[in-house]
Amino acid sequence: MGLWLIVKQELHIAHANGKGFFRFLFFFLSLLAVILLAEHFKVGGITSYIVPFIWLNALIASQYSLSYLLEHDKKDGTWSLFLLSGKPLHIIVIGKWLAYWLRSSSALILLIFLLRFAHYLPEIFTVGLVQHLMIGTAIFCCVGMMRASISIRATAYNNIASFLMLLLVAPVFLLSMPWLVGELVVLFPVSVALGCHAIRNSGGRNC
Amino acid sequence: MLSCYDLGLKINDETVFAGLGFSLAPSSILAIRGNAGVGKSKLLATLAGLIKPDQGVVSYNDVPVLDVLTAYATLVQYVGFQDAVKPELTVEENIAFWSLLKGSSELVPAALAYFELEDKKDQLSHSLSPDWQHRIALARLIACQSKVWILDDPFTRLDEDGKRLLLNLISVRSNEGGTVILSSFDPLPLPKAIELDIAMFQPSKEVV
């Protein structure tokens with residue numbers, strides 16, 4: 001109940017301030033349109049770099065509204081109320097993570113099916129890419145949560161956090177599926193724990 | 001009963017307060033007085049369990065609150081200096097979310113009615129002035145029924161009508177057995193209120 005409430009609220013707020021599903025989809029389609037125009041709508045040309053294009057979008061989408069993940073809640077006093085909501089803190093962090101992942105990945109998955117429909121992606125390739133992307137964007141979101149948690153405690157760590165993020169997202173482009181699932185299994189609890197730590201230790205201090 | 005014993009807090013090695021203690025029976029109202037920046041908000045956050053004190057302990061029914069924080073949180077409603085009002089949500093959504101998170105949204109209509117927010121309930125919060133946004137934060141006191149209210153300077157951002165409503169609400173809550181702790185610059189027209197001057201628990205600053 002609590003988890004669903006938080007996910008619903010986060011998605012609602014993101015949609016209301018224009019950082020929801022349609023914003024992401026519009027952004028991806030705009031980029032795609034630019035590429036298509038540059039290629040004069042030659043299908044053969046675009047298929048050679050459509051996959052890197054999708055992965056670049058996945059990375060951008062996952063990091064796009066990163067600041068919103070924790071900063072706004074800290075500034076407006078929501079953290080204090082979350083701490084006193086009576087719900088375990090990890091439920092709150094997982095809710096925020098889940099909403100963030102749904103927001104960034106769902107538009108991308110739809111984009112893949114649109115590309116498949118327009119024959120820019122071979123059918124045999126589509127399912128594998130979607131599976132890979134689901135795990136890949138989840139890892140991006142974990143890394144995003146970790147970065148937000150570290151940098152919100154002390155902005156001095158911002159550069160270190162960004163470097164850490166680069167190291168952690170690199171395997172998504174290099175490793176095969178079983179390794180990625182392994183990375184997600186490790187990163188997910190770490191990102192949730194860091195998120196809880198950031199909220200617990202800054203929620204009251206922000207008074 | 002909410003109590004604290006030998007409570008002390010330091011921020012950046014500077015003592016905010018030390019040796020602070022009191023016990024509050026149900027129906028008590030505690031008004032924490034002091035000038036701006038003396039540490040009233042920090043004390044309230046410590047009593048709410050949001051800040052871990054450097055010394056001493058805050059207890060509820062003789063159990064340290066930090067040992068049972070999740071359970072204690074269900075008993076406490078905190079209105080901090082920031083209102084935690086999301087500008088993208090309507091007035092009603094801003095109240096209902098927190099009451100649902102605490103269990104039930106049954107009292108949301110009553111909360112809206114009491115703070116005269118009924119006709120504004122579908123408006124986005126950012127369209128309201130700061131005093132009306134503060135009413136949204138205060139309406140959560142009714143919507144999320146809790147035994148202990150901790151209010152950080154709740155009167156400053158209210159108009160006269162809002163102040164009257166809040167004073168009446170605090171009196172009613174106290175008569176129903178609730179405990180109210182609030183901070184204020186000025187004396188409050190609450191006959192039952194016990195006043196605590198935070199300056200008494202701060203190290204004296206010697207003038208050289």
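Per chain, numbering begins at 1; letters A, B, ... match sequence-line order.
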Just wondering, more than 12 heavy atoms not from [X] lying within 6.0 Å of its [atom1]?
X	atom1	answer
B:Lys147	NZ	no
B:Asp119	CG	yes
B:Lys121	NZ	no
B:Met200	CE	no
B:Asp67	CG	yes
B:Tyr5	OH	no

* Run the numbers on B:Lys86 and A:Asp73 for side-chain contact (heavy atoms from CB on, under 4.5 Å), then give the verdict. => CA-CA 9 Å; B:Lys86 294 288 180 195; A:Asp73 285 352; 2.4 Å; yes
* **Note, B:Trp98 side chain near A:Leu84 side chain (heavy atom, < 4.5 Å)** =>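 Counting from C-beta outward, B:Trp98 and A:Leu84 never come under 4.5 Å.
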* To do: Please report the C-alpha distance between B:Leu101 and A:Leu81 in whole Å, then the side-chain angles of each, then the deciding distance to 0.1 Å, and finally whether the side-chain contact (heavy atoms from CB on, under 4.5 Å) criterion is met.
  => CA-CA 10 Å; B:Leu101 209 58; A:Leu81 292 195; over 6 Å; no
* Heavy-atom distance under 4.5 Å to chain B: side chain of A:Ile6, backbone, both or neither? ->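 Both the backbone and the side chain of A:Ile6 come within 4.5 Å of chain B.
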* Taking all atoms of both residues into account, what is the closest heavy-atom pair of B:Lys102 and A:Ser85, and its distance? ->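 Closest pair (atom of B:Lys102, atom of A:Ser85, distance): CG-O, 3.9 Å.
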* **Contact summary for B:Ala73 and A:Gly86, nearest pair of heavy atoms** =>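 Heavy atoms only, the tightest pair is CB-N, 3.7 Å.
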Quick one: [atom1] on [X] to [atom2] on [Y], what's the gap to the nearest 0.5 Å?
X	Y	atom1	atom2	value
A:Lys8	B:Leu100	NZ	CG	7.5 Å
A:Ser80	B:Asp152	OG	CG	10.0 Å
B:Asn94	A:Gln9	CG	CD	7.5 Å

* Identify which part of B:Leu89 has an atom lying under 4.5 Å from any heavy atom of chain A, answering side chain, backbone, both or neither. =>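 Just the side chain, heavy atoms under 4.5 Å.
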* For A:Asp76 and B:Val85, run side-chain contact (heavy atoms from CB on, under 4.5 Å): C-alpha distance rounded to whole Å, both residues' side-chain angles, the deciding distance at 0.1 Å, then the answer. => CA-CA 7 Å; A:Asp76 69 14; B:Val85 169; over 6 Å; no
* Asked: Going by atom types only, do B:Glu93 and A:His12 share a side-chain donor-acceptor pair under 3.5 Å?
  ->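 The answer is yes; a qualifying pair exists.
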* So, does B:Gln82 use its side chain to make a donor-acceptor pair with the main chain of A:Thr78 at under 3.5 Å? ->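 Pair absent, no side-chain N/O of B:Gln82 close to backbone of A:Thr78.
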